[in-house]
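Accompanying notes for the structure given below.
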Amino acid sequence: MKGVKLNTFTLISAIVFSIVWSSSFERCSATQAKHWRKLKAAPASNTFNVLDYGAKGDGHADDTKAFEEAWSAACKIASSTMVVPSGSVFLVNPISFSGLNCEPNLVFQLDGKVIAPTNAAAWGSGTLQWLEFKELNKITIKGKGVIDGQGSVWWNDSPTYNPTEESTTNNTSEYLALRFYGSNGVTVTGITIQNSQQTHLKFDSCTNVQVSDINVSSPGDSPNTDGIHLQNSQDVVIYGSTLACGDDCVSVQTGCSNIYVHNVNCGPGHGISIGSLGKENTKACVSNVTVRDITVQNSLTGVRIKTWQGGSGSAQDIMFSNIQVSGVETPIMIDQYYCDSGKCKNDTSSAVAVSNIHYVNVKGTYTKEPIHFACSDNIPCTGITLDTIQLQSSSSSQDVPFCWEAYGELKTKTVPPVDCLHSGNPSSIGMHSNKDSC
């Protein structure tokens, strides 16, 4: 009996120990699971979602402050990401994402939709850009999101719709949906920019820029809605994008060099343009531009250079290669008498010198004129070459190319024949009047 009592005591002790151990294990496991869930739910220390800073994302509430606070937090940490999540629409007033106190390698992850205000009061005084990124070192905007300027109120009421004081005194002011200023190492990829007030995307005083796989979309009759506008920027690559707008698909302005645009679909719009340059007797310098593997359809021009009379400087070393046009009014154009108002005074005292311009493999259909070279009387265009040009009228008419003070060389026979291009170089008379050459 004594042995039986011992065994019974041992058995009871084992059962009690098992219950206590199991309960402790469950409490420990529950604590660990709770702790694990907390760790798993915690946001990454370098990711800043605008929803966490009070953004509503309902398309009606003003989310500007939330965007400002998320940016302020993100820019303090190198290689951080500010997130604009998918599934929401964010109404944001004009805002500047300044980089003066920011760390490098920031990412603006745009997966949702950002819309601009349509009331003039939201723009305040003197504001020309809606979303601005300035003075940043290595900034990337990427994602599948949309920037919507809601520009129809601008287009329909233009020029009476003047959201800022500055616009009331200067109707030529340029309003921008997305602007980068004074930044190095800029990447824009994947996003859609649509219905901009005027210019969709501008790079001003930037270096080392890459734009890829973006979509620009606004109606063909929307005024001054350039797709991508470059000014005082160097080392820029634009590729793999579709640009449909009411003005130039790509506009290369003064101060630009080492520009490479390729594999871009343009139209509707005004084509790929160098300029306009030299407005109001200013000096303009553009060099080393390559535009290749481009399709242009239903556009005012295909590839063109446009300068104002009385300007100075130069546009040189420009290559247009593998350009396919369809339903374009004038596929190839140099216009040194450019005037967008119809009230420009004649001034042939000086001009932006245009030289070393090459056209290779330009093919397709036109609706008005195949080639138009209108160069300065005082400083003619020089170094123009035409190689494998085949342009057919979309109607039964056979239009003759136009040349004025244009000098260069035909590398191959052209369709239609270009008999108006002068060979060799012009006389030296007047060629040195452009004293402000680059």
Solution key, residues 266-278 side-chain donor-acceptor pairs under 3.5 Å, sequence neighbours excluded:
{"unit_1": "H270", "atom_1": "ND1", "unit_2": "D247", "atom_2": "OD1", "d": "3.4"}
{"unit_1": "S273", "atom_1": "OG", "unit_2": "D248", "atom_2": "OD1", "d": "3.0"}
{"unit_1": "S273", "atom_1": "OG", "unit_2": "R304", "atom_2": "NE", "d": "2.9"}
{"unit_1": "S276", "atom_1": "OG", "unit_2": "W308", "atom_2": "NE1", "d": "3.0"}

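- T330 places no side-chain N or O within donor-acceptor distance of the main-chain N or O of M333, the cut-off being under 3.5 Å.
- By the 30° and 60° cut-offs, the orientation of the rings of F97 relative to F133 is parallel.
- Using a 4.5 Å heavy-atom cutoff, the side chains of N93 and W130 are not in contact.
- K113 has a carboxylate O that lies under 4.0 Å from a charged side-chain N of D148, or vice versa, which qualifies the two as a salt bridge.
- A donor-acceptor pair under 3.5 Å is absent between the side-chain atoms of S217 and the main chain of Q194, judged by distance alone.
- Checking side-chain atoms of T207 against main-chain N and O of N184 turns up no donor-acceptor pair under 3.5 Å.
- Side-chain contact annotation: S96 with E132, donor-acceptor N/O pair under 3.5 Å present.
- Between the side chains of Q234 and N208, no donor N or O sits under 3.5 Å from an acceptor N or O.
- At distances below 3.5 Å, at least one donor-acceptor pair connects side-chain atoms of T365 with backbone N or O atoms of G327.
- The structure places CD of Q392 at 10.5 Å from OG of S394, a figure rounded to the nearest 0.5 Å.
- Applying the salt bridge (charged side-chain N to carboxylate O under 4.0 Å, His left out) test to pairs two or more places apart or on separate chains, none has a residue in residues 336-358.
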For the pair N288 and D317, evaluate side-chain hydrogen bond (donor to acceptor under 3.5 Å, both in side chains) and give the outcome as yes or no after the intermediate values. CA-CA 5 Å; N288 195 18; D317 301 324; over 6 Å; no

Walk me through it: do D387 and N361 pass the test side-chain hydrogen bond (donor to acceptor under 3.5 Å, both in side chains)? CA-CA 6 Å; D387 185 347; N361 196 29; over 6 Å; no

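- Side chain of S80 to backbone of N46: no donor-acceptor contact under 3.5 angstrom is found.
- Two residues are said to be in side-chain contact when any heavy atoms from C-beta on lie closer than 4.5 Å; V89 and D58 fail this criterion.
- Ring geometry, W123 versus W154: the interplanar angle exceeds 60°, so the pair is classed perpendicular (tilted spans 30 to 60°).
- Between W155 and T225 the shortest side-chain heavy-atom distance falls below 4.5 Å.
- Among residue pairs with one or both ends in residues 346-401, those qualifying as disulfide (SG to SG under 2.5 Å) are C375-C381; sequence neighbours excluded.
- Using a 4.5 Å cut-off on side-chain heavy atoms (C-beta onward), F67 and F90 make contact.
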Would Q324 and N322 count as a side-chain hydrogen bond (donor to acceptor under 3.5 Å, both in side chains) here? Give the steps. CA-CA 6 Å; Q324 183 69 44; N322 299 336; over 6 Å; no

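- Screening V303, I371, V325 for a side-chain contact (heavy atoms from CB on, under 4.5 Å) with P331, the sole residue that qualifies is V325.
- One finds the CZ atom of R292 at 4.5 Å from the OG atom of S321 (value rounded to the nearest 0.5 Å).
- At distances below 3.5 Å, not a single donor-acceptor pair connects side-chain atoms of E329 with backbone N or O atoms of T301.
- Put simply, the side chain of K142 does not reach to within 4.5 Å of the side chain of T187, judged on heavy atoms.
- Rounding to the nearest 0.5 Å gives a distance of 9.5 Å between OG1 of T307 and CD1 of I334.
- Checked against ring pair (Phe, Tyr, Trp, His ring centres under 6.0 Å), F203 has the following partners two or more places apart in sequence or in another chain: F180.
- Considering only heavy atoms from C-beta on, I323 stays 4.5 Å or farther from K363 through its side chain.
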Working for side-chain contact (heavy atoms from CB on, under 4.5 Å), residues Q253 and H229: CA-CA 7 Å; Q253 299 288 332; H229 187 105; 3.2 Å; yes

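- With S314 contributing its side chain and Q316 its backbone, the two residues share no donor-acceptor pair below 3.5 Å.
- Side-chain atoms of S241 come within 3.5 Å of backbone atoms of D213 as a donor-acceptor pair (strictly under, hydrogens ignored).
- Within the 4.5 Å cutoff, the side chain of C256 has heavy atoms near those of the L230 side chain.
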Assess whether side-chain contact (heavy atoms from CB on, under 4.5 Å) is satisfied between Q231 and K202, documenting all intermediate values. CA-CA 8 Å; Q231 183 171 323; K202 182 177 181 179; 3.5 Å; yes

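- No hydrogens or angles considered: a donor-acceptor pair under 3.5 Å links the side chains of Q109 and D111.
- Around CG of N346, the count of heavy atoms belonging to other residues, nucleotides or ligands within 6.0 Å exceeds 12.
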Between N224 and Q197, does the side-chain hydrogen bond (donor to acceptor under 3.5 Å, both in side chains) criterion hold? Intermediate values first, please. CA-CA 9 Å; N224 303 312; Q197 301 83 4; over 6 Å; no

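- Side-chain atoms of I141 and I191, non-hydrogen and from C-beta on, do get closer than 4.5 Å to each other.
- Listed for the S312 side chain is no donor-acceptor partner under 3.5 Å among the backbone atoms of V352.
- Considering only residues two or more places apart in sequence or on other chains, F320 meets the ring pair (Phe, Tyr, Trp, His ring centres under 6.0 Å) condition with Y359.
- Take Y181 and apply the ring pair (Phe, Tyr, Trp, His ring centres under 6.0 Å) test, not counting sequence neighbours, and it matches no residue.
- Salt-bridge check for D63 with K56: failed, with every basic side-chain N at 4.0 Å or more from each acidic carboxylate O.
- Side chain of S299 to main chain of V296: no donor-acceptor pair is present (N/O by atom type, distance under 3.5 Å, no hydrogens or angles).
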